[in-house]
Q: 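The structure is given below, and queries will be raised subsequently.
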Amino acid sequence: MNAASPIAALLEERRLVVDEALDRALSPDGAWPPTIHRAVRYSLFAGGKRIRPILVLLAGEAVGGERQDLLPFSCAVEMVHTYSLVHDDLPAMDNDDLRRGKPTSHKVFGEAIAILAGDALLTRAFHLLAEVPDGWNDVKLRRRITATALLGQACGTAGLIGGQVADLESEGKNVEPRDLARLHQAKTGALLAACVRGGGILGGAGAEELERLGRYGDAVGLAFQVVDDILDVTEEAAQLGKTAGKDVAARKATFVSLHGLDGARAAADALLEEALAALAPLGPRGETLAALAWHIVTRHA
Ligand code: GRG
């Protein structure tokens, strides 16, 4: 992607907004006890792309939502995502040394603090969503509660955790294409889809708009993981900021191992088409989400 392209500028602007909100949502660096706050900030500000919180903002803005109503949910999804990465990198799981271009949390702070940093991020995400200003009306409260429940579902046993369990259990085994799609949808797709639906709900989407956003979120969520599978074999660690070639080394079933590189690219392209078709009736209001879908499918990191 050209750094001067409109989508690059838009992503950079939203990334800065999200980073500032995340900074405000956390205890300061020196808070007691210092180690846990250092560990939380180390992983959260290690240089993630912020795709999930940006999806929340763009989905909410597409239906006329105000940024201040979207930002707490944006921060919460990034906290949940970062927790999942910290825990996924632990020796008991993927046992990785590199994440977001830096040594993983357990390499820097030790395993116990890395586990607790993940726990702290997950806890703070839901704490933040429960912090509502005095004087909120029923409509705002209901939207916040609905989006929060959606996030809880996406990171529970039907989503992130279920997908991670299926992933761990699939290593070295023959996996059917349908089961792989289900695993990917749970491990990766559910959280990304919750970002889009949650953003839509918080932005005040009507039923038809929400249905459109939901279809877009499902397609983009799965496409994100298909592209992740492709990048694992086509890109170097320096580009990815994490160990490359891990899926092959762990004999993991991926879209590439099951369908080949061309098959995986075709699947990603088909999902992009699905996402764009879902947005089409939104007209110009869907343009930034369309650009983000295109960016997700054509990215190199
Ligand atoms: C530990 C409950 C638990 C779940 C772990 C997130 C996860 C499940 C595993 C990490 C490995 C992996 C391939 C996850 C799929 C999701 C994914 C592609 C994560 C990377 O997301 P990016 O590229 O990362 O958005 P940044 O660092 O840019 O935020």
Side-chain angles (χ1 to χ4, degrees), residues 11 14-15 18-19 22 42-56 74-75 77-96 98-102 104-106 111 114-115 117-119 121-123 125 151-171 180-181 183-195 220-233 235 237 239-250 252-257 264 268 292 295-297 299-301:
L11 292 179
R14 300 302 196 285
R15 194 183 62 73
V18 169
D19 278 3
L22 282 170
Y42 175 82
S43 293
L44 201 53
F45 294 106
K49 295 183 289 295
R50 309 296 195 220
I51 294 290
R52 292 158 191 79
I54 293 173
L55 269 172
V56 174
S74 267
C75 291
V77 299
E78 187 64 18
M79 288 176 190
V80 167
H81 167 58
T82 305
Y83 124 77
S84 78
L85 299 179
V86 171
H87 280 195
D88 183 65
D89 291 332
L90 289 167
M93 297 216 200
D94 239 19
N95 192 18
D96 220 319
L98 187 68
R99 173 68 67 181
R100 293 178 161 173
K102 295 169 83 172
T104 44
S105 182
H106 64 273
E111 227 174 304
I115 292 169
D119 293 342
L121 281 159
L122 179 60
T123 308
L151 180 59
Q153 191 180 31
C155 59
T157 49
L160 197 57
I161 291 178
Q164 179 76 345
V165 170
D167 193 40
L168 290 170
E169 290 178 347
S170 76
E171 276 180 28
L180 179 69
L183 186 165
H184 275 6
Q185 261 148 2
K187 187 179 82 168
T188 309
L191 184 58
L192 285 142
C195 293
V220 162
L222 183 55
F224 192 92
Q225 184 60 55
V226 174
V227 173
D228 199 71
D229 287 354
I230 295 171
L231 298 179
D232 187 69
V233 296
E235 301 295 331
Q239 173 76 10
L240 296 178
K242 62 180 180 179
T243 312
K246 279 215 78 165
D247 296 338
V248 178
K252 268 193 186 174
T254 69
F255 263 69
V256 176
S257 71
L292 183 54
H295 168 73
I296 284 171
V297 169
R299 72 202 159 96
H300 292 283

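First listed ligand is number 1; within each ligand, the first listed atom is number 1.
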Q: Between Ile51 and Leu192, is any pair of side-chain heavy atoms under 4.5 Å apart?
A: yes
Q: Which protein N or O atoms sit under 3.5 Å from any N or O of ligand 1? Give each pair with its distance.
A:
residue, atom, partner, partner atom, Å
ligand 1, 21 (O), Arg52, NH2, 3.1
ligand 1, 23 (O), Lys49, NZ, 2.6
ligand 1, 25 (O), Arg52, NH1, 2.7
ligand 1, 27 (O), Arg100, NE, 2.7
ligand 1, 28 (O), Lys49, N, 2.9
ligand 1, 28 (O), Lys49, NZ, 2.8
ligand 1, 29 (O), His81, NE2, 2.7
ligand 1, 29 (O), Arg100, NH2, 2.7

Q: In plain terms, say whether Asp228 and Lys242 are close enough for a salt bridge, that is, a side-chain N and a carboxylate O under 4.0 Å apart.
A: yes
Q: Pair Thr243, Asp96 - check side chain to side chain donor-acceptor pair (under 3.5 Å), show working.
A: CA-CA 7 Å; Thr243 312; Asp96 220 319; 2.5 Å; yes
Q: For Ser74, does its backbone N or O pair with a side-chain atom of Arg50 as donor and acceptor, under 3.5 Å?
A: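 Flag not set: sc Arg50 to bb Ser74 has no pair under 3.5 Å.
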Q: Closer than 3.5 angstrom, by distance alone: can the side chain of Thr82 be matched with the main-chain N or O of Met79 as a donor-acceptor pair?
A: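 Checked: no pair found.
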Q: Does the pair Asp94/Lys252 count as a salt bridge with the N-to-O cut at 4.0 Å?
A: yes
